[in-house]
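Below, read A as the first sequence line, B as the second, and so on, with proteins coming before strands; counting in each chain starts at 1. Owing to the predicted nature of the structure, the values given are computational and were not obtained by experimental measurement.
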Number of protein chains: 2
Amino acid sequence: MAANSRFSIAVHVLTMLAKNCDGRVKSDFIAESVNTNPVVIRRLLCSLQEANLVVSQVGASGGTCLARQPKKITLSEIYNAVSHGEIFSPHPKTPNQDCPVGKNIEAILCRLQKEIDKTVEQKLAQYTLQNVIEMVEREKV
Amino acid sequence: MAANSRFSIAVHVLTMLAKNCDGRVKSDFIAESVNTNPVVIRRLLCSLQEANLVVSQVGASGGTCLARQPKKITLSEIYNAVSHGEIFSPHPKTPNQDCPVGKNIEAILCRLQKEIDKTVEQKLAQYTLQNVIEMVEREKV
DNA sequence: TTTATTTGTAACTAAACTTGTTACAGTTAT
DNA sequence: ATAACTGTAACAAGTTTAGTTACAAATAAA
């Protein structure tokens, strides 16, 4: 383990919700499709709820539904809801500040990090959940 | 720990080599600037050597130097040498193949993954090690 | 009002990965 | 011959991840 698959599962979960948009979907049902434990799904749904992508209802005949139409949800929003975009990590320990390279490299890498994040975000923003649904349908053929 | 900082360290290491391009640089010297153990640096240098970015020499008065001019080394090459570009991971377990979403979502996410990787690669390819050196110098002011 | 169902969440485990560290074999200049 | 290096194996400690059990709280339905 130890490699973040939350975005993959989140896209899967939201696609399930979109295809069952008429009612509230239960975490057990989603978990069966994702092939995992319902608690894993509920944990993820909490993050998606914080990001205002879904609405959950507790109690009997509760469940979750999308907060918006699939065409109004971008993959960028999904990504931000469940991951913090870091293509690479900074130095584990602060570099030697007495070395001219060590003193300045962190700030440069930090700027680069942000620039890449923005690039990824722009790419992911090109796709909506609706696009994913259409791809799933097309794939079926 | 448990967050890959190899790219950050690789850029740091290569910048050190570029600024000491006249001779062979020892792992102990680099480790002091990076503030880590020389073995960590040597391990990284092995990866950079496999990618033909540096040349190392064993034995007394050995060390490492760049294999090419800094302006001919892109950050994209560095990234590929030390990381395998994965912005997100696939499902840990294969989704339920009896569910239309579960059956198709993996292929779609895989294509998306590759597309994002290409985007990141293009972004990183815009910068060379020479650019980083210039940024380090400029930062110093 | 009682009961069954469902989310939310805490606590724990096992696996994977990362860096740091020690140790040492092999290579090379002096 | 000796000292100084790299390359690499082996292990420890810390972090993160998904999976799991358990249960409190909320809610619909009987």
Side-chain angles (χ1 to χ4, degrees), chain A residues 1-10 12-13 16-17 20 23-51 54-65 67 82-84 86-96, chain B residues 1-10 12-13 17 20 23-32 34-51 54-65 67 82-84 86-96:
Chain A
M1 230 165 286
N4 190 330
S5 60
R6 278 194 289 268
F7 175 73
S8 290
I9 300 182
H12 188 154
V13 166
M16 292 294 287
L17 294 182
N20 297 273
R24 296 194 186 105
V25 184
K26 294 168 209 2
S27 62
D28 286 65
F29 178 72
I30 302 173
E32 256 185 48
S33 172
V34 174
N35 191 14
T36 185
N37 192 295
V39 174
V40 172
I41 301 300
R42 291 206 287 272
R43 273 200 290 241
L44 199 63
L45 285 172
C46 285
S47 300
L48 297 175
Q49 207 171 182
E50 277 171 40
V54 304
V55 177
S56 291
Q57 166 120 29
V58 300
S61 81
T64 306
C65 60
V82 298
S83 292
H84 40 298
E86 305 230 321
I87 273 55
F88 60 88
S89 293
H91 288 59
K93 290 191 203 162
T94 304
N96 185 345
Chain B
M1 231 166 285
N4 191 328
S5 60
R6 279 194 289 267
F7 175 73
S8 289
I9 299 183
H12 188 154
V13 167
L17 295 183
N20 297 275
R24 295 192 188 108
V25 185
K26 296 170 208 358
S27 62
D28 287 64
F29 178 72
I30 303 175
E32 255 183 51
V34 175
N35 190 13
T36 186
N37 193 294
V39 175
V40 172
I41 301 301
R42 291 206 287 271
R43 273 200 291 242
L44 199 63
L45 286 171
C46 285
S47 299
L48 297 176
Q49 206 169 185
E50 278 171 38
V54 303
V55 176
S56 290
Q57 166 117 30
V58 299
S61 80
T64 306
C65 60
V82 298
S83 293
H84 39 298
E86 306 229 321
I87 274 54
F88 60 88
S89 293
H91 287 60
K93 291 191 203 161
T94 304
N96 185 345

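The listed nucleotides are C:dT7, C:dT21, D:dT20; the one nearest the side chain of B:Asn37 is C:dT21. In the set C:dT5, D:dT17, D:dG7, the nucleotide with an atom closest to the side chain of A:Ala60 is C:dT5. Which of C:dG8, D:dG7, C:dT28 sits closest to the side chain of A:Ser56 comes down to C:dG8. Of the candidate nucleotides D:dA18, D:dT6, C:dG20, C:dG20 has the atom nearest to the side chain of A:Pro92. Residue A:Arg42 places its side chain closer to C:dG8 than to any other of C:dT6, C:dG8, D:dT21.
With hydrogens and angles left out, the side chain of A:Arg43 and the base of D:dT20 share a donor-acceptor pair within 3.5 Å.
Per the geometry, CD belonging to B:Gln49 stands 9 Å off C1' belonging to D:dT6, to the nearest Å. Straight-line distance from the NE2 atom of A:His84 to the C1' atom of D:dT17: 12 Å, rounded to whole Å. What separates CG of B:Asn4 from C1' of D:dG14 is a distance of 16 Å, to the nearest Å. Rounded to whole angstrom, the span from the CD1 atom of A:Ile41 across to the C1' atom of D:dA18 amounts to 11 Å. Rounded to whole Å, the distance from CG on A:Leu44 to C1' on D:dA18 is 12 Å. One interatomic measurement links the two molecules: NZ of B:Lys26 to P of C:dT28, which rounds to 15 Å at whole-angstrom precision. In this structure, A:Asn35 atom CG and D:dA18 atom P are separated by 14 Å, rounded to whole Å. Between B:His91 atom NE2 and D:dT17 atom C1' the separation is 15 Å, expressed in whole Å.
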Between B:Thr36 and A:Lys93, does a side-chain contact (heavy atoms from CB on, under 4.5 Å) hold up when you go through it step by step? CA-CA 8 Å; B:Thr36 186; A:Lys93 290 191 203 162; 5.8 Å; no
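Contact of the A:Val34 side chain with the B:His91 side chain is registered, since non-hydrogen atoms from C-beta on lie closer than 4.5 Å. The shortest distance between side-chain heavy atoms of A:Phe29 and A:Asn20 falls below 4.5 Å. Annotation: side chain of A:Asn4 is not in contact with side chain of A:Val82 (no heavy-atom distance under 4.5 Å). With a 4.5 Å cut-off on side-chain heavy atoms, A:Arg6 and A:Ile9 do not count as touching.
Looking at which nucleotide of DNA chain D each of B:Lys93 and B:Val25 is closest to, the 5′-most match is held by B:Val25. Where A:Ile9 and A:Gly62 each meet DNA chain D at their nearest nucleotide, the meeting point lying more 5' is that of A:Ile9.
Using a 4.0 Å heavy-atom cutoff across all strands shown, A:Ser89 reaches no nucleic acid atom at all. Using a 4.0 Å heavy-atom criterion, one finds that B:Thr64 contacts no nucleic acid atom at all. Heavy atoms of B:Gly59 sit under 4.0 angstrom from at least one base atom.
At the phosphate of C:dA29, OP1 or OP2 sits under 4.0 Å from a side-chain N or O atom of B:Gln57. For A:Thr36 and D:dA18, the shortest distance from a side-chain N or O to OP1 or OP2 is not below 4.0 Å. Taking only side-chain nitrogens and oxygens, A:Arg6 comes nearer than 4.0 Å to OP1 or OP2 of D:dT17. One finds no side-chain N or O of A:Ser61 lying less than 4.0 angstrom from the OP1 or OP2 phosphate oxygen of D:dT27.
Side-chain N/O atoms of B:Ser56 and B:Thr64 include a donor and acceptor closer than 3.5 Å.
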